[in-house]
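Reading through the C-alpha cells given below for one structure.
Quick caveat: nothing in here was measured; it's all calculated off a predicted structure.
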Amino acid sequence: MPAARAADPQPYDVVIEPTGNGAVDGVLRGTSSLATLQKTQAVGPFALAGRAREDVDRLRTALESFGYYAGSIDITVNKLPVADPELADRIAAIPKGQKASIRIHVATGPTFHLGSVSLRTPAGADAASLTPAEREAFGLHPGQPAVASDVLAARGRLLSALQEDGHALADVKEPLAYLRPATRTLDIVEVVNEGPRLDIGAIRLAGLQRMNPQFVARRLSVHQGELYQPSRIEAARQDLASLGVFSDVGVSADTNDIADGQVPLTFDFTEAPRRTVALQAGFSTDLGGSAGVTWTHHNFFGEAEQLRLAALLTGLGGSAQQGLGYDIYADLTKPDFLHRDQSLDVRIEGLKQNLQAYDQTALLARVGISRKLGRRWLVGVGIGAEQERIVQQGVTRHYTLVSLPLSANYDSTDLSNPLDSATHGVRVSVSATPTYSLGSGDNAGDSVTDQGGNSVFTILQATASTYLDLNRLGLSKPGRSVIALRGTVGSVQGASTFGLPPDQRLYAGGSGTVRGYQYQGVGPLFPNDDPVGGTSVDAGTIEFRQRIGKSFGAAAFVDAGQVSASSTPFQGTLRVGTGVGVRYYTPIGPIRLDVAVPLNKPPGGDNFELYIGLGEAF
C-alpha cells in the first residue's frame with residue numbers, strides 16, 4: 001500500500017475474551033500492554049506488531065501466577081496470528097480511518113499443584129533446626145494450588161518468623177521452582193540461612209536537642225539484652241513517635257558491629273517545632289458559630305509536657321443561644337507521671353454561656369490522672385472544683401461544686417488519629433461523677449426556690465458505639481460502606497431535677513445526641529418552652545456512611561432520644577430526628593456537614609438543624 005494510505009499511529013480495538021475466572025480476567029487486562037496502553041500511547045504499525053507479540057509472554061506469566069502452567073495464549077490482529085512474519089506489513093496496509101481489530105483468547109488449562117516442598121540450608125541439607133512455629137509460618141504444603149503469590153508470600157512469612165525468633169541476620173533466598181508437566185506439579189526448594197540467634201545490644205539515641213535523654217531512655221519499651229524482635233522494636237519506635245514531640249523517629253540495627261551475640265540499635269530523632277498555633281471554627285444552626293485560636297507548646301519542661309492555651313468566642317447566632325459567650329482555658333499534660341503510660345492533666349477554665357436553658361458564668365479547675373491499661377483501655381480519676389453563677393427563668397444562683405470524676409474508656413477501632421472515620425471495632429465510655437454542691441439563691445422566694453441549698457449527687461453516664469464495614473458481608477470494598485451505631489444512657493442519683501444546678505442536669509438534642517433538635521431541646525420544658533433538663537437520658541443513632549471517590553462521602557442517619565425527671569432512663573417523650581450529610585476527607589480528618597429534621601418536634605423547636613464540624617459525629 002502507498003504510505004499515504006497507512007495510519008501512523010495506528011488506532012485499534014482490543015477484546016480480551018473472558019476465561020470464566022473473574023480474578024484471572026482482571027489480571028490479564030491489567031497485564032496486557034495492548035489493553036493498558038491503547039488510549040495513552042498510540043504507536044505505528046511495526047511497534048503495534050511488537051506490542052502484540054510481547055503480550056503473549058506477559059499474559060503467559062500472568063496465567064502461571066495463578067497456577068496455570070499449561071495454558072495457551074492466542075492473539076490475532078484482523079484475524080492474523082501474531083506469529084505471522086507479515087503481521088507488521090498487514091497492519092501498515094490498513095487504510096487511514098480504520099481501526100485494527102485485536103482479539104485475545106486465553107485458555108487457562110488445568111491447575112498445577114505443589115509437588116514436593118523442601119526447606120534446605122545453603123549446603124543443601126534439610127533445615128532441621130527450624131522450629132515447628134517457623135515451619136508453620138512458611139505455610140506451603142504439597143497438594144495446594146501452585147499460585148505464585150502464595151509461594152512468594154511464604155518466603156516473606158518465614159523470614160519474619162526467623163527474625164521474630166531473634167535471627168536478625170536470617171536470609172531466605174528466592175524459591176527454586178521445578179515444573180513437572182507430566183504430573184502437573186511444581187516442586188519448591190527454599191534455601192534458608194538462619195544465622196545466629198541475637199539479642200539487642202547497646203541502644204544509642206541520636207538527634208535529641210531539647211528533649212531530656214533520660215526521659216526518652218525510660219520511655220523505651222525495649223532494652224539491651226532482650227531478644228532481637230523486629231515487631232517489638234517497631235512498636236517502641238511508634239510509641240516514641242506518639243509523644244507528639246518528634247516529626248520523625250527512625251531506628252536502625254548495626255549488623256556490622258555485632259559483639260557477644262548482641263546487635264546495637266540506633267534511634268534517630270528529628271524534633272518537631274516546639275510551638276504551634278491553630279485556628280478553630282465550627283457552626284450549627286442551634287449553637288451558632290464558634291471561632292478561636294489555640295497556642296500549644298509541645299515540650300514545655302523537656303519531657304514531652306504539652307501546654308495548651310485556648311481562647312474561643314461562642315454563641316455567634318444560633319437558635320439555642322441568647323448571646324455571645326467565651327471559653328478560655330489552659331491545659332497542661334505531663335506524660336509518664338510517676339508511672340509509664342500514666343498522664344497528669346491539669347485544666348483551668350473560664351466559661352460563659354448564654355443558652356436558651358440557662359446563662360452560666362463559671363471558673364473551673366480540674367486535676368486528673370489517666371492511665372493506659374493495655375492497648376485499648378484508658379482509666380482516669382480526678383478532682384474538680386467549680387465556682388459558677390447561673391441564671392435560669394429569671395432566678396440568679398451561685399454554686400460551688402466539688403467533684404470526683406471517675407472514667408473508663410475502651411477503644412478497639414485501631415485509629416491513630418481520633419478524627420479519622422472508624423470502619424470497625426467498638427468504643428465504650430463509662431463515667432461516674434460524685435459531686436458535692438453548695439448553692440444559694442439571690443432571688444429567694446421565686447417559683448424555683450428548691451434549687452438552693454447543699455446537695456450530694458452522682459452523675460452516671462455510658463456511651464457505646466460500634467462500626468460495621470459492609471465489606472465483611474461481601475457488599476462493598478473495604479472501608480467504603482459502613483454502618484455506625486451509637487447508644488447513650490445516663491442517670492443522676494441523689495437529687496431531683498430542681499435539686500441540681502442547671503448545668504449538672506442531663507439534656508439531649510444537638511449533634512452529640514439527637515440531631516434535628518436544638519442543643520438541650522429534648523426533654524421537659526418550662527411554660528415558655530425553655531429546656532428544663534432532667535435526671536435521666538437515653539439516646540441512640542444508626543448512621544450509614546458511604547465513601548464516594550477519593551475525597552468525598554455521604555451519610556444518612558436516624559437519631560432518637562428522651563430525657564425525663566425520673567432517675568430511671570427510657571422514660572419521657574421520645575424524640576426522633578433524621579437527616580443526611582456530606583463529607584470531604586482531608587489529611588487531618590473529614591469535614592462534616594449534616595442537615596437533620598425533627599419528626600416530632602416540641603413546642604418552639606426548629607424545623608431543621610445544620611451542623612458543620614471536623615470529624616464524624618461519633
- Message: Between T513 and V522, does the side chain to side chain contact (heavy atoms under 4.5 Å, CB included) criterion hold? Intermediate values first, please.
- Response: CA-CA 10 Å; T513 50; V522 171; over 6 Å; no
- Task: Work out which heavy atom in L227 is nearest to a heavy atom in E164; give both atom names and the distance.
- Result: CD2-O, 4.0 Å
- Is there a side-chain contact between L351 and T361 (heavy atoms, below 4.5 Å)? no
- Message: Please find the pair of heavy atoms, one from R232 and one from V222, that lie closest to each other, and give the distance.
- Response: O-CG1, 3.6 Å
- Message: Determine whether D268 and V251 satisfy the following criterion, side chain to side chain contact (heavy atoms under 4.5 Å, CB included), listing intermediate values before the conclusion.
- Response: CA-CA 6 Å; D268 287 293; V251 60; over 6 Å; no
- Please report the closest heavy-atom contact between S429 and N409, naming both atoms and the distance. OG-OD1, 2.8 Å
- Could you tell me whether R376 and D411 make a salt bridge, using a distance below 4.0 angstrom between a side-chain N and a carboxylate O? no
- Have D327 and T314 got a donor and an acceptor in their side chains that come within less than 3.5 Å? no
- E388 with R397: basic N within carboxylate O range, under 4.0 Å: no
- Should we say atom CD1 of I348 is surrounded by more than 12 heavy atoms from elsewhere, each under 6.0 Å from it? no
- Note on the structure: On a heavy-atom basis, the closest approach of A137 and A161 is CB-CB, 3.7 Å
- Message: One pair to check against side-chain hydrogen bond (donor to acceptor under 3.5 Å, both in side chains): T400 and Q387. What are the steps and the verdict?
- Response: CA-CA 5 Å; T400 300; Q387 179 68 51; 2.6 Å; yes
- Query: Is any side-chain N of the basic residue among D341 and R375 closer than 4.0 Å to the acidic one's carboxylate O?
  - Reply: no
- Could you walk me through whether R366 and E349 pass the salt bridge (charged side-chain N to carboxylate O under 4.0 Å, His left out) test, one step at a time? CA-CA 9 Å; R366 181 182 181 275; E349 183 174 15; over 6 Å; no
- Query: Side chains of D538 and Q562: is there a donor and an acceptor less than 3.5 Å apart?
  - Reply: yes
- Item | Check: L265 and Y228 side chains under 4.5 Å, non-hydrogen atoms | yes
- Decide yes or no on side chain to side chain contact (heavy atoms under 4.5 Å, CB included) for L364 and R347, but give the supporting numbers first. CA-CA 8 Å; L364 305 92; R347 167 176 278 213; over 6 Å; no
- Message: Less than 3.5 Å apart, any donor N or O on the side chain of H298 or R275 sitting next to an acceptor on the other?
- Response: no
- Query: Are R427 and Y467 close enough, and set up right, to give a side-chain hydrogen bond (donor to acceptor under 3.5 Å, both in side chains), and what steps lead you there?
  - Reply: CA-CA 9 Å; R427 289 176 174 146; Y467 310 88; 3.1 Å; yes
- Query: Should the pair R218-E303 be classified as a salt bridge under the 4.0 Å nitrogen-to-oxygen rule?
  - Reply: yes
- Query: How about F552 and Y584: are their ring centres within less than 6.0 Å of each other?
  - Reply: yes
- Neighbour count >12 (heavy atoms, 6.0 Å) for atom CG, D260: no
- Partners passing ring pair (Phe, Tyr, Trp, His ring centres under 6.0 Å) against F269 (at least two apart in sequence or in another chain): F246
- Message: One thing to verify: whether D336 and R219 come together as a salt bridge, which I'm taking to mean a side-chain N less than 4.0 angstrom from a carboxylate O.
- Response: yes
- Message: Do E609 and Q518 have side chains that approach each other closer than 4.5 Å (heavy atoms only, starting at C-beta)?
- Response: yes
- Salt bridge between E616 and R583, side-chain N to carboxylate O under 4.0 Å? yes
- Query: Under 3.5 Å, is there a donor-acceptor pair linking the side chains of T541 and R486?
  - Reply: yes
- Message: Quick check with a 6.0 Å cut-off and a 45 degree axis cone: is R547 positioned over the face of Y585's six-membered ring?
- Response: yes
- Note on the structure: Looking only at heavy atoms, the pair that brings P418 and S416 closest together is CD-O, 3.8 Å
- Between A168 and V263, what is the shortest heavy-atom contact and its length? CB-CG2, 4.3 Å
- I483 vs I542, side chain to side chain contact (heavy atoms under 4.5 Å, CB included): CA-CA, chis, key distance, verdict: CA-CA 7 Å; I483 293 178; I542 180 171; 4.3 Å; yes
- Item | Ion pair check, R545 and E543, cut-off under 4.0 Å | yes
- Item | Check: E305 side chain, F301 main-chain N or O, donor-acceptor pair, under 3.5 Å | yes
- Decide salt bridge (charged side-chain N to carboxylate O under 4.0 Å, His left out) for D503 and R505; before the verdict, give the C-alpha distance in whole Å, the side-chain angles of both, and the deciding distance to 0.1 Å. CA-CA 6 Å; D503 65 315; R505 300 172 193 166; over 6 Å; no
- Task: Decide whether T458 and Q493 meet the rule of one side-chain donor and one side-chain acceptor closer than 3.5 Å.
- Result: no
- Query: Given H424, which of D469, D414, T466 fulfils the side-chain hydrogen bond (donor to acceptor under 3.5 Å, both in side chains) condition?
  - Reply: D414
- Item | Sub-4.5 Å side-chain heavy-atom contact between T276 and W295 | no
- State, without any angle test, whether Q262 and Q224 hold a side-chain donor-acceptor pair at a distance under 3.5 Å. yes
- Query: Any chance CZ of R472 has more than 12 other-residue heavy atoms, nucleotides or ligands included, within less than 6.0 Å?
  - Reply: no
- Query: Can a salt bridge be assigned to the pair D239 and R237 using a cut-off of 4.0 Å between side-chain N and carboxylate O?
  - Reply: no
- Quick one: are L208 and V216 in side-chain contact, heavy atoms under 4.5 Å? yes
- Is there a side-chain contact between L205 and L220, using heavy atoms and a 4.5 Å cut-off? yes
- Side chains of S476 and N471, donor plus acceptor under 3.5 Å: no
- Query: Do S343 and S370 meet the criterion of a side-chain donor-acceptor pair at a distance under 3.5 Å?
  - Reply: no
- Below 4.5 Å, heavy atoms only, C-beta onward: do F557 and R515 meet side chain to side chain? yes
- Non-hydrogen side-chain atoms of V192 and D171 separated by less than 4.5 Å: no
